[in-house]
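In what follows, a structure is listed as structure tokens, so that the remarks can point back to it.
First the proteins, then the strands, lettered A, B, ... as listed; each starts at 1.
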Protein chains: 2
Amino acid sequence: MADVAHRANVSTMTVSRAFKRDASVSADTRDRILKAAEELGYVFDSIAANLSSRRSGFVAATIPSINNANFADTVRGMTEGLRDSGLEILLGFTDYNVEEEERLVGQLLQRRPEAIIVTGGRHTPRCRKMLTNAGVPVVETWDLPADPIGHVVGFSNADAGRLMVDHFVKRGYLRLGFIGGDTSRDTRGLDRRRGFVAALQDRGLDALRVIASGVPPISMREGAAAMIEMISRWPDTQAVMCVSDLSAFGALMECVRRGIRVPDDVAIAGFGAYDLAEQSVPSITTIDVGAHEIGIRVAELVLDLLNGRRAPDDRVVLGMTPKVIVRQTA
Amino acid sequence: MADVAHRANVSTMTVSRAFKRDASVSADTRDRILKAAEELGYVFDSIAANLSSRRSGFVAATIPSINNANFADTVRGMTEGLRDSGLEILLGFTDYNVEEEERLVGQLLQRRPEAIIVTGGRHTPRCRKMLTNAGVPVVETWDLPADPIGHVVGFSNADAGRLMVDHFVKRGYLRLGFIGGDTSRDTRGLDRRRGFVAALQDRGLDALRVIASGVPPISMREGAAAMIEMISRWPDTQAVMCVSDLSAFGALMECVRRGIRVPDDVAIAGFGAYDLAEQSVPSITTIDVGAHEIGIRVAELVLDLLNGRRAPDDRVVLGMTPKVIVRQTA
DNA sequence: ATGAAAGCGCTAACAC
DNA sequence: GTGTTAGCGCTTTCAT
């Protein structure tokens with residue numbers, strides 16, 4: 001920067017200003033500086049700028065997996081919402097694992113993000129503490145935690161499970177099953193199952209048809225295997241909710257392979273409103289949680305908080321409403 | 001850090017060492033320091049460490065889109081490969097747009113990555129220049145550029161297109177079509193089309209059945225629409241390659257909806273070896289390019305380069321071989 | 001194994 | 001609109 005300043009006959013401070021958007025530098029001087037920088041092959045050093053200004057210029061976000069269209073949609077929403085703010089997103093993947101999340105959050109906070117966004121409302125005690133003391137806005141998403149750390153933009157996964165029971169019952173299905181993963185890693189998937197089972201019990205329906213198999217996130221293949229197990233253990237099952245559209249698609253394809261008619265012999269529903277569920281033949285009944293909109297709302301919230309348009313101490317809990325999208329499989 | 005040092009009765013330098021892995025600090029002193037840090041709620045500041053040590057601790061990577069299972073697999077491979085190196089991945093999305101890539105690369109380089117990985121081998125002149133002058137290892141992936149900037153871990157997209165023509169012809173299909181996007185944004189998809197068309201011409205086959213519709217990456221829905229166009233314009237088409245498994249699935253589902261038998265009436269193939277192609281009924285013939293392995297190899301290469309196990313000036317061009325996975329649709 | 005001194009390359013704060 | 005001064009919070013380097 002000193003070299004550029006010298007070549008343009010100004011001080012480093014003026015060079016610094018010339019590289020900012022709205023700084024007060026005359027057009028003439030700025031042009032001279034940018035030309036000098038170009039000639040010297042100068043590349044601005046954000047790290048030094050960050051240290052000096054005590055602003056890192058990024059927002060940290062953790063998502064369970066990069067390979068999931070739902071979280072990808074949320075990240076896309078955040079990216080769009082933050083586009084013109086000068087903030088970048090520093091992304092980390094927890095692999096559906098709260099211990100990994102703890103490690104990741106520790107790492108991310110060392111990079112001094114201006115806000116931190118986490119997927120889910122359950123964390124290790126140490127992780128909670130780190131987030132609480134982070135000194136920057138914290139947003140939990142994809143959940144509606146009972147005791148939020150900071151702000152929330154999410155929905156109730158249990159309600160999503162209940163909602164599908166309502167839909168099934170309305171259609172006259174009474175012997176209902178649920179397919180999901182077999183560990184406690186995917187806490188949101190677990191919440192959907194809990195809501196599903198609770199709704200069954202509330203209505204006095206059997207709540208035994210639950211297949212837990214495979215490490216979350218369960219895939220198409222595991223959905224197919226679970227469907228086989230479901231219909232062999234409980235051949236009278238009328239409708240099955242799967243923890244995601246991917247497993248629902250796997251279950252559906254298994255039925256197609258075996259000549260089991262969907263929904264005539266058994267109805268199937270998924271979760272997440274993936275493109276796949278819409279394009280599949282038959283199309284898959286699912287639940288839309290507004291993944292993309294979550295991202296947009298999170299970005300808005302973060303910007304409002306950072307720009308002081310919203311006071312840091314007014315806790316925002318933005319609850320979205322999951323909606324059943326009725327299609328052919330149920 | 002000074003506060004921690006004071007509380008632990010050491011100098012800041014010793015605190016600094018205590019926070020590194022392999023630094024020479026006595027176990028006793030280290031414990032005392034970590035305890036003091038914990039009590040004070042001290043969080044190490046990576047930004048300052050980065051500035052001082054002139055090492056940012058991350059590798060920058062650009063991918064066209066976060067919502068794509070293929071690139072997600074590559075990123076997963078890189079993440080796994082870099083896990084124990086202390087390097088993090090700073091991810092940017094180009095939206096299949098070389099202008100956006102140029103902007104993004106400019107941003108990323110200001111954060112002083114220790115290496116930069118870009119998807120694809122075509123860039124704006126300015127972008128090429130930035131990468132060339134970056135002073136850190138550059139790896140181009142998912143392509144086999146004629147004139148690489150630095151290192152390459154990829155494959156020939158044109159060969160992938162040719163490969164599918166070979167397969168179609170071997171199966172006796174001679175009236176062949178291609179479905180892809182309608183702009184030049186997805187240069188890799190375009191290369192696959194070029195390879196496909198060139199292979200047709202080499203064999204003296206008609207090369208007119210090409211549908212270009214929709215902004216890349218084309219979706220399931222656009223694949224379906226393109227399939228309708230294909231069979232209405234050229235009803236005698238025997239086999240169609242789609243630019244990706246997603247559009248192939250859309251095309252396939254459209255055929256199912258219309259009672260067109262696949263592959264008896266028309267054969268379909270995709271690209272990318274998505275899970276979807278395997279689980280779909282009928283299962284989709286596709287091309288596997290080893291997306292996950294690309295990520296692993298890139299990570300290995302970057303680590304070798306940064307650790308000096310490989311000289312910076314020996315240009316690595318690692319060509320992977322796309323393979324046809326024969327399934328039911330073709 | 002530990003410490004002292006001197007920066008890393010920028011920007012805040014204030015001056016003019 | 002531009003310049004001067006004094007750091008930001010670490011690590012490098014060289015001692016001991």
Between [X] ([atom1]) and [N] ([atom2]), how many Å, whole number?
| X | N | atom1 | atom2 | value |
| --- | --- | --- | --- | --- |
| B:Leu51 | D:dC10 | CG | P | 12 Å |
| A:Lys20 | C:dC10 | NZ | C1' | 9 Å |
| B:Met1 | D:dG7 | CE | P | 20 Å |

Salt bridge or not for B:Arg188 and B:Asp191, using N-O below 4.0 Å?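 Looking at B:Arg188 and B:Asp191, the cut-off is not met.
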Kindly point out which of C:dT2, C:dC10, D:dT2 is positioned nearest to the side chain of A:Ser24?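 Nearest nucleotide to the side chain: D:dT2.
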Out of C:dC8, D:dC10, D:dT2, which has the shortest distance to the side chain of B:Arg54? C:dC8
Any residue meeting side-chain contact (heavy atoms from CB on, under 4.5 Å) with B:Arg128, in chain and number order, not counting sequence neighbours: B:His123, B:Asp147, B:Ile149
Is there a donor-acceptor pair under 3.5 Å between the side chain of B:Thr79 and the backbone N or O of B:Val75?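 Such a contact is found between B:Thr79 side chain and B:Val75 backbone.
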Inter-residue atom distance A:Glu102.CD - A:Met130.CE, 0.5 Å rounding: 5.0 Å
Approximate separation, where rounding is to 0.5 Å, of B:Leu87 CG and B:Leu303 CG: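 One finds 6.5 Å between CG of B:Leu87 and CG of B:Leu303.
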Under 6.0 Å between ring centres, would you say that holds for B:Tyr42 and B:Phe19?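 Centroid separation for B:Tyr42 and B:Phe19: below 6.0 Å.
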With a 4.5 Å limit on heavy-atom distance, are the side chains of B:Arg17 and B:Ile33 in contact?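 The answer is no, as the side chains (C-beta and beyond) never meet within the 4.5 Å cut-off.
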Beyond-backbone contact of B:Glu300 with B:Arg297, side-chain heavy atoms, under 4.5 angstrom: yes
Using a strict heavy-atom distance below 4.0 Å, which residues from residues 27-50 of chain A are in contact with DNA chain C?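 Only A:Tyr42, A:Phe44, A:Asp45, A:Ala48, A:Ala49 qualify.
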Can you check nucleotides 3-7 of chain C for protein contacts, nitrogen or oxygen pairs under 3.5 Å, and list what you find?
residue: C:dG3; atom: OP2; partner: B:Ser11; partner atom: N; Å: 2.8
residue: C:dG3; atom: OP2; partner: B:Ser11; partner atom: OG; Å: 2.9
residue: C:dG3; atom: OP2; partner: B:Thr14; partner atom: OG1; Å: 2.4
residue: C:dG3; atom: N7; partner: B:Arg17; partner atom: NH1; Å: 3.2
residue: C:dG3; atom: O6; partner: B:Arg17; partner atom: NH2; Å: 2.7
residue: C:dG7; atom: N2; partner: B:Ser52; partner atom: OG; Å: 2.9

